[in-house]
Each structure stands twice: as C-alpha cells, then as structure tokens.
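Below: the structure, in structure tokens.
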Amino acid sequence: MAFENKFVQLRIEKAELLRQSGINPYCNNSQRNSTIKKYINVNSDIANKENKRDEHRHYTVSGRIKLLRIMGKASFLQLEDESGVLQIYVARDNLPEDFYNDVFKKNIEVGDIIEAGGYPFVTNQGELSLHASEFKLLTKAIAPLPEKFHGITDKETRYRKRYLDLIMNADVRKTFQIRSKVISLTRRFFEDKGFLEVETPMMHPIAGGANAKPFVTHHNALSIDRFLRIAPELYLKRLIVGGFEAVFEINRNFRNEGMDATHNPEFTSIEFYWAYKTYKDLIEITKEYFRYLFEHLDLPTYLPYGDLEIDFNKFSEIPLIKSLHTIGEVPQEIVNDKDKILEFLKSKNISVKNNLSLGQLQGELFDAFVEKKLINPTFITEYPVAISPLARRSDINPEITERFELFIAGREIANAFSELNDPVDQYERFKAQVESKDGGDDEAHAMDEDFIEALSYGMAPTAGQGIGIDRLVMLLTNEHSIRDVLLFPAMKPIHNDELHQEEE
RNA sequence: GUCUUGUUAGCUCAGCUGGUAGAGCACGUCACUUUUAAUGAUGUGGCCGAUGGUUCGAAUCCAUCACAGGACACCA
C-alpha cells in the first residue's frame with residue numbers, strides 16, 4: 001500500500017498541519033528571480049564589502065533543502081537547485097512573528113522544496129549565503145531523502161529510482177548533461193556539413209540493416225506483426241535512392257538480446273549516409289567529428305578510461321587481415337587458410353560454430369586476439385565479404401569490402417562502409433543470409449525485396465556509418481556500464497507476478 | 001546462459017563457530033542566533049529478499065526461487 005511507511009505518515013501529518021494553519025504545502029506561485037549559480041556570481045564581491053553584506057540587494061532563490069542545521073533561534077540550510085548549492089541563513093527575528101517556531105522548525109525538513117528571499121552576506125566561516133527575510137514552502141516532500149553523507153550508493157536503487165540518484169548525486173547529473181551535449185553537438189556537426197536530419201520508421205515489416213534478434217509487436221487494425229527496428233540503415237538508403245544526398249538519423253534501435261555492461265535492449269545511435277563518398281571519406285569525417293566533440297565539450301584529448309589512457313589525437317588505420325598478425329600476433333601463414341585457422345583456434349581452446357567460412361573465421365580471430373588490444377582510436381579496414389552483407393566489395397580484391405569499424409578502448413564504437421549499391425549483388429548476399437538463417441543462424445539477415453527494388457532504380461555511390469552514442473558517452477564520461485549513461489536503463493520487474501502477468 | 005558475490009530500519013552499514021536484532025544518519029522530544037556531515041541529551045523505528053529444510057532453537061547452516069553487482073559466454 002502506498003504511504004504506509006511511518007516516516008511518510010509523519011510527513012503527511014506535517015503537510016496537513018500546514019494546511020490547517022493556512023499554508024499550502026504544494027503552492028505554485030514561485031517568486032524566484034535568480035538561480036543559485038547567478039546569485040553566487042553576482043554577489044561574489046560581498047566578501048570585500050563592509051560588514052560583508054549588502055542589505056540593499058534582494059534575491060529570491062528556490063530549490064530543495066539538502067541539509068538543515070537548526071540551532072535554536074537561527075538555522076542554516078543548504079539549498080540546491082539545478083545550477084548549484086547555496087547556504088540560507090534563517091533567523092527567528094527576521095521572519096513574521098511565530099513563523100520560525102510554529103512553521104519552520106516544526107514542519108520544514110530536508111527534502112522539501114522551498115523559496116527564500118533576502119540579502120547576500122558572508123558568514124564568519126567565509127561562506128557566501130543568503131540572509132532570509134522571506135521563506136515559503138513550495139513543495140512538501142513526504143518521502144525522506146537517503147542519508148545525507150553517504151547518499152544513495154546501491155546500484156539497483158540508483159537505476160530503478162533514477163530521480164533519487166539525480167537528487168543525491170550531482171556528478172550523475174553531470175554525466176547526463178554531457179550526454180545531452182554530445183547529442184546536440186552531433187546534430188549540429190552534421191547539419192553544418194549539409195546533412196538533412198530525417199525520421200524513419202521504428203516499426204518495420206522486416207527487421208533489417210543488422211544481424212540481431214528483433215522485438216515483435218502487433219498492429220491490431222491490420223492484424224500484422226511488426227518488428228521494432230534493429231537499425232535504420234535500409235530506410236536511410238532508400239532516401240539516398242530518392243535523391244537526398246546526405247542524411248542522418250539520431251534515434252533508438254532495439255535488439256532482443258542479452259543485457260550487460262555494454263548492451264541495453266534499446267540504445268541510441270547515429271547513422272548517416274553520404275552520396276558520392278567512400279569509406280575513406282568517412283574516416284576523415286570521423287576524425288573531424290571527434291575533434292569537434294572534444295573542442296566543444298572542452299575536454300582534453302588525452303582521457304583516462306578506467307586503467308587505460310586514451311589519446312584521441314592518435315587515430316590509426318590498419319586492414320583487418322594485417323591486424324591479425326601485427327596486433328593480434330596470430331602467425332602470418334595461417335590467416336588465409338581455413339584449416340590452419342581452425343587448428344590454431346583449437347590450440348587456443350577457442351570453440352567456434354561449425355561450417356564457418358574463411359571470412360567468418362578471420363572475424364573470429366579478430367575478436368579473440370585483436371579487439372581488446374585496440375586502445376587508442378583505430379580504424380580496422382577491409383572486412384571480409386562474408387561478415388559484411390551490406391558493404392560494397394573492393395574493386396581490387398572481391399573477397400574484402402570497403403569497410404571499417406572504429407575501435408576505442410577495446411570496444412567497437414562505429415561501423416562504416418561504402419554501401420553496396422549493386423542490386424543483383426545485394427540480392428545474392430541476402431540469399432546467402434537467408435540460407436544461413438535456414439541453417440540455424442537466427443540472427444542472419446532476412447530477404448528484403450522491397451529494398452532490392454529500391455536499389456534497382458539506382459543508388460548513387462554512397463558511404464554510410466553508424467556510431468553508438470551510448471558507448472561514445474561512456475568513453476567521454478569514464479563510465480564503465482551502459483546503465484550509467486542511460487537515464488532509465490532496462491531492469492527486470494522486481495515482482496514475479498509482474499513478470500508473468502502477460503502469460504495469464 | 002554459466003560461474004561468483006550480495007540482499008538486515010527510509011538511507012549507509014555491523015551482526016564471529018546457530019542462543020532475545022545493533023550502530024550512524026534521518027525522524028520525535030528538549031537545549032542552543034554564524035553553522036559546515038553543526039553539537040549535547042533522550043526516545044521511536046525491523047516480514048533480517050521469498051519459500052522450504054536441518055535443529056530444542058536460524059538473520060546466521062542447507063536447498064530452491066527472485067532481484068542486483070562482477071566475470072565469462074552470446075550479441076561480427
């Protein structure tokens with residue numbers, strides 16, 4: 001039952017007492033005329049004034065009481081708004097008669113949202129404060145806040161009740177401010193380059209554009225199932241067919257897979273497509289994009305990430321096959337021989353699925369021996385065709401594609417390629433995917449004939465790229481769980497009956 | 001999915017080889033007009049995650065389940 005907690009009960013009683021004495025505990029006529037940050041900036045000169053005060057100035061600030069120290073006839077409280085923290089000095093004799101004793105001391109407590117008006121002064125201890133002559137309760141908090149010193153540290157509570165986490169942990173607010181800035185800067189960067197922001201469907205008849213298990217939903221009026229999109233790729237390419245030459249979309253993708261420190265069922269990515277360009281141009285624009293982000297976020301390009309240190313000035317580039325030997329230390333002579341790779345993997349106790357092609361095995365080698373070693377930003381290029389169903393073949397070597405993935409701190413951050421625009425080749429690759437799907441690979445790409453038809457009308461040579469925004473923000477904020485960069489990460493329901501109610 | 005560690009008051013945490021449930025903060029009451037996690041006195045507050053088992057007796061031991069953290073696997 002709601003409100004059964006005894007502390008909540010007590011505070012509800014206080015709200016009732018306030019009502020009875022004519023004070024609305026949820027009053028909304030705020031008179032705020034300054035944020036706390038502005039107050040602190042404007043009054044930074046007070047320390048140098050006579051008596052360390054200026055009674056001619058008057059400000060009204062609002063916020064949540066984070067700390068309260070009642071000392072008889074005077075009290076100090078720490079007030080926090082979005083912009084900062086300010087100490088308020090409240091004394092009995094500066095307020096209307098009986099207000100301090102009957103209202104303030106009895107019914108105001110930590111967690112309440114209040115408003116205080118008064119003049120700036122500096123205390124004996126040297127802290128700029130506000131000397132209150134007006135005091136108003138704006139919102140009574142009936143639930144007590146977590147402990148004032150340790151705050152809230154339990155990760156489960158922090159994720160399930162993010163509002164509490166945000167109230168108690170200023171650095172968490174900071175992380176999400178950076179996240180917001182990254183998205184806003186990303187949008188501006190691409191707009192300034194002449195890209196058009198578009199919105200493509202979230203509900204797809206065929207889950208395409210990536211290899212992943214989709215979520216399924218149902219459209220009642222049409223009696224058909226729809227898939228939450230796993231990637232916007234195929235729709236964005238249709239727009240290139242239609243004549244838009246540079247498009248991007250920043251939005252959510254949904255994948256019905258496991259959850260861990262780097263995977264949430266819904267995650268945010270930017271995908272952009274650029275006609276008359278190749279993956280080589282994407283390497284350049286990616287470097288430029290990172291420079292732009294660091295400059296506008298005002299971040300040093302040498303960033304710590306856990307035990308690692310990442311130099312965002314040091315971008316390097318190496319073909320996948322070459323990286324197997326030079327970075328992964330896989331013997332040079334085996335990397336192009338299926339049987340020798342299988343033998344090698346076996347000797348390293350790495351088991352792989354049966355019937356993998358050479359390209360897939362090279363991918364396995366890369367995952368096992370190279371990926372984790374890529375700390376500074378590294379473009380791995382020239383992926384095998386077998387693991388790149390939507391990428392254009394190299395004109396020089398038809399077994400590899402014009403593709404790169406960007407790795408930072410041992411993690412994939414971006415995936416890009418010159419797009420496959422030969423409709424017949426694309427059709428054949430879909431067919432190969434469908435065969436491996438029939439062979440048991442439930443994440444293989446489905447046939448999308450509508451997309452093939454679109455390609456048939458001709459898509460200009462195009463390069464396209466996807467960047468995982470969540471993982472990028474993790475890098476920039478030194479966070480090691482995707483849940484720490486998602487305001488409301490996916491959580492299992494706490495109670496069993498919630499979990500199974502759908503089945504009944 | 002596997003392994004592993006957790007789950008005790010609103011919050012942060014103790015609780016040893018099984019023997020009446022503990023502290024700090026918060027909250028109540030009292031004192032205190034320049035404090036800084038204010039201070040001093042005093043008091044209230046528990047389905048010990050859930051269900052079974054072992055035992056004279058379980059927060060503690062065992063099993064199962066739920067949720068969470070970490071690692072691994074999967075997800076190119």
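Chain letters run A, B, ... following the sequence lines, proteins first and then strands; every chain starts at 1. Everything numeric here is computed off the predicted structure, so don't read it as measured data.
Listed nucleotides: B/U34, B/C27, B/A68. Nearest to the side chain of A/R483: B/A68. Of the candidates B/A68, B/U12, B/U34, the closest approach to any side-chain atom of A/F76 belongs to B/U34. With B/A73, B/A37, B/U34 as the choices, the nucleotide that has an atom nearest any side-chain atom of A/F121 turns out to be B/U34. Side chain of A/H263, nearest nucleotide from B/G70, B/C75, B/U12: B/C75.
For the residue pair A/Q465/A/T286, the side-chain donor-acceptor check at 3.5 Å is satisfied. A donor-acceptor pair shorter than 3.5 Å cannot be found between the side chains of A/Q87 and A/Y89. For the residue pair A/N421 / A/Q426, no side-chain donor-acceptor distance below 3.5 Å is found, with atom types taken as modelled.
For A/K106, no side-chain nitrogen or oxygen approaches OP1 or OP2 of B/C27 to under 4.0 Å. Taking 4.0 angstrom as the limit, A/Q125 places a side-chain polar atom (N or O) nearer than this to OP1 or OP2 of B/U35. When the side-chain nitrogen and oxygen atoms of A/K155 are compared with OP1 and OP2 of B/G69, none of them lie within a distance under 4.0 Å. Considering only side-chain N and O atoms, A/R69 lies nowhere under 4.0 angstrom from the phosphate OP1 or OP2 of B/A37. Taking only side-chain nitrogens and oxygens, A/K148 never comes nearer than 4.0 Å to OP1 or OP2 of B/A37. At B/G69, none of the side-chain N or O atoms of A/T153 fall inside 4.0 Å of OP1 or OP2 (strictly under the cut-off).
Scanning residues 49-66 of chain A for heavy-atom distances under 4.0 Å to RNA chain B yields A/R53.
Heavy atoms of A/M168 sit nowhere under 4.0 angstrom from any nucleic acid atom. Heavy atoms of A/L67 sit under 4.0 angstrom from primed sugar atoms or phosphate atoms, though from no base atom. Using a 4.0 Å heavy-atom cutoff across all strands shown, A/Q87 reaches at least one base atom of the nucleic acid. A/N415 comes within 4.0 angstrom of nothing in the nucleic acid, heavy atoms only. Base contact: A/T123 has a heavy atom under 4.0 Å from a base atom. Residue-level contact check: A/K14 touches the backbone only, with heavy atoms under 4.0 Å from sugar-phosphate atoms and none from bases. Nucleic acid contact for A/L10: sugar-phosphate only, since backbone atoms but no base atoms lie under 4.0 Å from a heavy atom of the residue. Among the atoms of the strands shown, none is found under 4.0 Å from any heavy atom of A/R11. A/Y89 comes within 4.0 angstrom of a nucleotide base, judged by non-hydrogen atoms across all strands. Nucleic acid contact class of A/Y383 (heavy atoms, under 4.0 Å, all strands): none.
Residues A/E405 and A/R411 are not paired through a salt bridge, judged by the lack of any N-O separation under 4.0 Å between the basic side chain and the carboxylate. A salt bridge links A/R19 to A/E16: one of the charged nitrogens lies within less than 4.0 Å of a carboxylate oxygen.
Qualifying side-chain hydrogen bond (donor to acceptor under 3.5 Å, both in side chains) partners for A/Y279, counting only residues two or more places apart in sequence or in other chains: none.
RNA chain B is contacted by both A/V122 and A/E257; A/V122 maps to the nucleotide lying nearer its 5′ end (nearest heavy atom per residue).
The environment of A/K66 atom NZ is dense: over 12 non-hydrogen atoms of other residues, nucleotides or ligands sit within 6.0 angstrom. Within a 6.0 Å sphere centred on OH of A/Y427, other residues, nucleotides and ligands contribute 12 heavy atoms or fewer. The 12-atom threshold is exceeded at NZ of A/K373, counting heavy atoms of other residues, nucleotides or ligands nearer than 6.0 Å.
No hydrogens or angles were tested; on distance alone, a donor-acceptor pair under 3.5 Å links the side chain of A/E127 to the base of B/U36. Between the side chain of A/H150 and the base of B/C11 there is no donor-acceptor pair of N/O atoms closer than 3.5 Å.
When base pairs are accepted only as Watson-Crick or G-U wobble with both N-N or N-O distances under 3.5 Å, RNA chain B takes part in stems of 3 or more pairs at B:1-7 with B:66-72, B:10-13 with B:22-25, B:27-31 with B:39-43, B:49-53 with B:61-65.
A/F104 and A/F99 have their aromatic ring centers separated by at least 6.0 angstrom.
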From CA spacing to verdict: side chain to side chain donor-acceptor pair (under 3.5 Å), A/Y39, A/S83: CA-CA 10 Å; A/Y39 179 91; A/S83 71; over 6 Å; no

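With centroids closer than 5.5 Å and planes inclined by less than 30 degrees as the test, A/F7 and the base of B/G10 fail to qualify as a stacked pair.
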